[in-house]
2 protein chains.
Amino acid sequence: MLAAGLAVADEKGLDAVTMGAVATRLNVTPMALYRHVADKADLLDGIVELLLTEFPPPPAGSWADQLAAMAVAIRASAQRHPSVFPLLLQRPATTSRARLARDSVYSALQEAGVDVARIEQAERLVSTAILGFAASEAAGRFRNHSRRQLDADFAALQGLLRRFIESESRIVGNERPAATTPPAP
Amino acid sequence: MLAAGLAVADEKGLDAVTMGAVATRLNVTPMALYRHVADKADLLDGIVELLLTEFPPPPAGSWADQLAAMAVAIRASAQRHPSVFPLLLQRPATTSRARLARDSVYSALQEAGVDVARIEQAERLVSTAILGFAASEAAGRFRNHSRRQLDADFAALQGLLRRFIESESRIVGNERPAATTPPAP
DNA sequence: ACCTGAACACCGTTCAAGT
DNA sequence: ACCTGAACACCGTTCAAGT
């Protein structure tokens, strides 16, 4: 049922996500939906949560590769669900799915050697930058820019974040990770 | 009338911005609004545009001071109008007011000595980062964080952007601006 | 346990009519 | 030029009733 709501949003926009439209897609009357959600706000919450489900776990690899893969996946999710994605800015990472995504970024920063005292803030800044770009693109702020231009912007954003993380890291040059990071297997 | 709509949004949230609510505030019937806006979407567009009006022109000072002042002003505007501000992500800088804000960032980057070939992209990245943070804060994504924490995050974001701009700049050390920037008076 | 019909208050929008 | 009353289609939500 949340999938039906997401489908309506993807195909006809957020305004078309109506109790009636979702119900029709399920061959049911609008009132039947109230068995499964408290009200329309709850339905939208569920749809956003479903979108979060699509964020894949980060692949193995260096912290930079992990972060790059996550950023690309998040942007792709925004492009698939442009009318729902911007709603992510309204929700703190309270659900387990949202926390999982946040913790993935956290782990990558940890592996990068970011100082423990700064890692939470660094996570917020990195996540916000990626989310802000993806939401802007999805919501239409960049609608007058070419896909090629936006791809280049996104690559530049990733580079800027990578340099930020490196500057926040205690590791200089190519030394081994410091003591607080888990020892290599 | 746009001011009445913005006031309703600020006091009771975006969902409360109803043709009826705005009309009531103006001591008029809902239908009277259609003399001034084409439809409700047009009303919301106008309200967003009005919000843009509040961005002050950048003060005199170094490019870093100008940028910092603009970022602070944008964030303050988001805090004043939390339910309208996130709508900014939906609009490209097509109106003259929006272009003025964008050009202010552009000018600061120019003064900073950012390479002409990269200045437009740098403007998008810097603006998107600031907008993304302010919109996240306004929309509620950081609702579980203290004001103090968010102030620190915002300061860190500004620092990160400053370092990014410096790295994009051709100016090394304390030399005078290069040839393409206007000569000092 | 799940769904429906009828009903209610509310919303956006139109149109002809009023001043 | 600006505003209103009446009307229409649509929306979210409730509640008692149905299977």
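Since the structure is predicted, the reported quantities are computational estimates derived from the model, not experimental observations. All chains are named by letter (A, B, ...) in the order of the sequence lines, taking the proteins before the strands, and each is independently numbered beginning at 1.
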Given side chain to side chain contact (heavy atoms under 4.5 Å, CB included), test B:Val8 with B:Arg25 step by step and report yes or no. CA-CA 8 Å; B:Val8 172; B:Arg25 188 172 277 257; 3.5 Å; yes
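- Proximity of a side-chain donor or acceptor of B:Asp103 to a complementary backbone N or O of B:Tyr106 within less than 3.5 Å is not detected.
- Judged by the 6.0 Å distance and 45° axis criteria, A:Arg124 is not positioned over the aromatic ring of B:Phe142.
- Residues B:Leu14 and B:Leu44 form a side-chain contact, since some pair of their non-hydrogen atoms from C-beta on lies under 4.5 Å apart.
- Close approach of DNA chain D to chain A, defined as any atom under 4.0 Å from a non-hydrogen atom of the protein, starts and stops at D:dC11 to D:dT14.
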Could you write out DNA chain C as dot-bracket? Rules: Watson-Crick or G-U wobble, both distances under 3.5 Å, brackets [ ] for crossings, | for pairs with another strand, dot for unpaired. ||.|||||...|||||.||
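- For the residue pair B:His81 and B:Glu54, a side-chain donor N or O sits within less than 3.5 Å of a side-chain acceptor on the partner.
- Residues from residues 13-30 of chain B that place a heavy atom under 4.0 Å from any atom of DNA chain D, listed by number: B:Val28, B:Thr29.
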Would B:Asp15 and A:Lys40 satisfy salt bridge (charged side-chain N to carboxylate O under 4.0 Å, His left out), going step by step from the backbone distance to the final call? CA-CA 13 Å; B:Asp15 289 347; A:Lys40 195 187 169 185; over 6 Å; no
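- Rounded to the nearest 0.5 Å, atoms CZ (B:Arg97) and CZ (B:Arg102) are 15.0 Å apart.
- A:Arg141 and B:Thr128 are linked by a side-chain donor-acceptor pair at a separation below 3.5 angstrom, with hydrogens and angles left out of the test.
- Note: A:Phe164 and B:Phe164 fail the aromatic proximity criterion, with ring centroids not under 6.0 Å apart.
- When all heavy atoms of A:Met70 and A:Ser104 are compared, the pair lying nearest together is SD-CB, 3.4 Å.
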